[in-house]
Amino acid sequence: MNTEPSARPLPTAGARSVIAYVPGKPLAELEREFGIHDGVKLASNENPLGPSPVAMRAVASAIGELALYPDSHGYRLKRRLAEHIQVAPDRIVLGNGSNELFQLLVRGYVQPGEGVVYSQYAFVAFSVVSRAASARCLVTPARDWGCDLDAMRDATKHAKLVFIANPNNPTGTWVGADALRQFMAAVPPEVLVVIDEAYAEYVDEPDYSSCVAWVGYYPNLVVTRTFSKIHGLAGVRLGYAVAQPEVCEILNRVREPFNVNHLAMVAAEAALGDDDHLQRSLQNNRQGRARLLAELAASGFDCLPGCGNFVTVDCRVDAVPIFQALLRRGVIVRTLHEYAMPRHLRVTVGTPGQLDRFLEAFRKVTIRGAEC
Ligand SMILES: *Cc1c(COP(=O)(O)O)cnc(C)c1O
């Protein structure tokens, strides 16, 4: 066969501009590469206590239902969620992780060439979904590592949609309720404002508030939540968006009919009923985060002043050799090169035993120099 080497399917300019997402290294991969068996993964902000035992039991007893398609409308889970967050079920859309919802929002509201606003250092999924859809990415410079809401408001004059992660990953920065209310009042009403609250449950800051309850007032507000973080269900993929019914209807039109799998819905519904697990997870996070900050400070390392279930530590030198030396000691953390933060590492708050491992390894590799 004679094939012209130049004749190839041409991906869209958007697809070509995507910088592929780099996930945290899986434990199994680390263990294969380094021949160790007791690795610790603190790289993906997963719940170190695992899923709720109630959710695990529910999934086990639903296994026999796998031959059936899932409920396309998520009737039961939406009713349960509606009760939980005090909104009507027709204000909720389920997604295969909140990541899918970001994609659906862009698909439903942004045409190629139209603007999407997000901040420097914002969660990288915003850039991936926007670029993939050939949107024009309007990235505003950060202020103290977080959102410069004035700059973002100005940028929305040329945009269809704005993403704010509150709090943000990887910086842990958050936007206070008053500032966010002012922002909502100033943004043109035809611009969709997407507030990603993946870490909302972890936040103790007094000026913070979830804006789920504001959805009734703002037809252009969408709030996303996830079961991947405090609920410990990252592996089954379940997120949800809260918005007015008109927005929900659009998302439901552009999603695939069975975007959320049955086990995910079963697990999530059960997890909502296990407040003990949630409280244990919160407690572990509060103590572990305070310990990480204190011990890193005692070793002379500053962390970004944020919130969430992770800390972002300034290594003061290129973080890659430190990351690699930690890997050799069986500890996986996250480098932040995709964010142009080459000196920082992001470390998930683990169990006390996992933090022992990280802190011991970190002290060794940063005292001796990362070559060792
Ligand atoms: C982890 C994370 C999410 C969750 O994504 P899922 O697709 O729901 O697993 C969303 N936003 C931010 C900022 C995150 O760090």
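Please read these numbers as outputs of a predicted model, since none were measured by experiment. Atoms within a ligand are numbered from 1 in the order they appear, just like the ligands themselves.
Rounded to the nearest 0.5 angstrom, Asn166 CG and Cys211 SG are separated by 7.0 Å.
In this structure, ligand 1 sits under 4.0 Å from heavy atoms belonging to Gly97, Ser98, Asn99, Phe123, Asn169, Asp196, Ala198, Tyr199, Thr226, Ser228, Lys229, Arg237.
Judged by distance alone, the side chain of His231 and the main-chain N or O of Ser52 form no donor-acceptor pair under 3.5 Å.
More than 12 heavy atoms of other shown residues, nucleotides or ligands fall within 6.0 angstrom of atom CD in Gln279. Residue-environment remark: NE2 (His337) exceeds the threshold of 12 foreign heavy atoms within 6.0 Å.
The salt bridge (Lys or Arg N to Asp or Glu O under 4.0 Å) check on Arg225 picks up Glu197, with sequence neighbours excluded.
Aromatic ring orientation, Trp145 versus His344: perpendicular (interplanar angle above 60°, classes split at 30° and 60°).
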